[in-house]
Amino acid sequence: MSTESTGSDADAAVTVTQDAAAEALGLIESEGLDTDVAGLRLFVQQGGCAGLSYGMRFDDEPESDDAIVEQHGLRVFVDPASQNYVGGSKLQYEGGLQGAGFHVENPNVVSECGCGESFRT
């Protein structure tokens, strides 16, 4: 099951801010990957004090059952199990004095741990 989506699709697995897409595309290119095929994989894994945590990595290509969201030139791959947890989320890139990084704003979260690294739905 593959879903192609564009910038304003409300049913997208995730939405991606322009800053997050630009940062991720730069990192993908620095890894020598083809941004037309490769993308950022967003997944949920067991762990953290609240029970679940986000993971991200670059993949050469999507798996056959991934939801694929393309926004601002960035392809985001989400596996079916993770989609249950991150559907409707927004991927952002934040910079600042405390450090820069990607952040998932997830409307499905009912509680987070104190450090914000893990969550529960």
Side-chain angles (χ1 to χ4, degrees):
M1 174 182 118
S2 174
T3 346
E4 292 286 341
S5 179
T6 56
S8 62
D9 188 337
D11 296 328
V14 295
T15 57
V16 181
T17 65
Q18 195 162 359
D19 288 343
E23 186 67 25
L25 286 167
L27 292 169
I28 290 170
E29 289 172 349
S30 73
E31 294 286 323
L33 299 172
D34 180 358
T35 57
D36 290 332
V37 180
L40 176 70
R41 176 166 300 282
L42 173 62
F43 58 95
V44 173
Q45 57 193 1
Q46 294 289 325
C49 53
L52 298 170
S53 62
Y54 301 107
M56 292 182 217
R57 70 172 185 262
F58 299 126
D59 273 354
D60 294 334
E61 61 187 3
E63 297 294 326
S64 61
D65 59 350
D66 284 341
I68 304 166
V69 176
E70 184 168 345
Q71 295 179 343
H72 309 293
L74 174 67
R75 292 166 47 100
V76 179
F77 310 141
V78 182
D79 65 88
S82 296
Q83 173 64 32
N84 293 330
Y85 297 104
V86 300
S89 295
K90 181 190 295 185
L91 179 63
Q92 305 174 87
Y93 183 79
E94 299 173 348
L97 295 176
Q98 297 296 322
F102 292 95
H103 174 74
V104 179
E105 184 179 304
N106 188 338
N108 305 305
V109 170
V110 295
S111 68
E112 292 181 311
C113 67
C115 65
E117 293 297 317
S118 65
F119 65 96
R120 187 167 46 98
T121 59

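Position 1 is the first residue of the sequence, and the numbers go up from there.
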Participant: Restricting to side chain to side chain donor-acceptor pair (under 3.5 Å), what partner residues turn up for Asp59, sequence neighbours left out?
Facilitator: Arg41, Arg57
Participant: Supply the atom-to-atom distance Leu33 CG to Phe58 CZ, rounded to the nearest 0.5 angstrom.
Facilitator: 8.0 Å
Participant: Which is it for Thr17 and Lys90 under the side chain to side chain contact (heavy atoms under 4.5 Å, CB included) test, yes or no, and what are the steps along the way?
Facilitator: CA-CA 7 Å; Thr17 65; Lys90 181 190 295 185; 3.8 Å; yes
Participant: Where is the tightest heavy-atom contact between Phe102 and Ala24, given as atom of each residue plus distance?
Facilitator: CZ-N, 3.8 Å
Participant: What is the minimum heavy-atom distance between Val37 and Pro62, and which atoms define it?
Facilitator: O-CD, 4.1 Å
Participant: Walk me through it: do Asp19 and Glu23 pass the test side chain to side chain contact (heavy atoms under 4.5 Å, CB included)?
Facilitator: CA-CA 6 Å; Asp19 288 343; Glu23 186 67 25; over 6 Å; no
Participant: When rounded to the nearest 0.5 angstrom, what distance separates CZ in Arg75 from CG in Asp34?
Facilitator: 9.0 Å
Participant: Check whether any side-chain heavy atom of Leu40 lies under 4.5 Å from a side-chain heavy atom of Met56, and answer yes or no.
Facilitator: yes
Participant: Verify side chain to side chain contact (heavy atoms under 4.5 Å, CB included) between Gln71 and Val76, making sure each step is shown before the conclusion.
Facilitator: CA-CA 8 Å; Gln71 295 179 343; Val76 179; over 6 Å; no
Participant: What do you reckon, is CD of Gln18 surrounded by more than 12 foreign heavy atoms closer than 6.0 Å?
Facilitator: no
Participant: With sequence neighbours left out, write down each residue that passes ring-ring contact (aromatic ring centres under 6.0 Å, His included) with Phe43, or none if nothing qualifies.
Facilitator: none
Participant: Indicate the atoms forming the closest heavy-atom contact of Ser82 with Leu42, along with that distance.
Facilitator: CB-O, 4.3 Å
Participant: For the residue pair Gly87 and Pro107, what are the closest heavy atoms and their distance?
Facilitator: O-CG, 4.3 Å
Participant: Compare all side-chain heavy atoms of Ile28 with those of Leu74 and state whether any distance is below 4.5 angstrom.
Facilitator: yes
Participant: Does the pair Tyr54 and Asn106 meet the rule for a side chain to side chain contact (heavy atoms under 4.5 Å, CB included), with working shown?
Facilitator: CA-CA 11 Å; Tyr54 301 107; Asn106 188 338; 3.0 Å; yes
Participant: Do Val69 and Val78 come close enough that some side-chain heavy atom pair is under 4.5 Å?
Facilitator: no
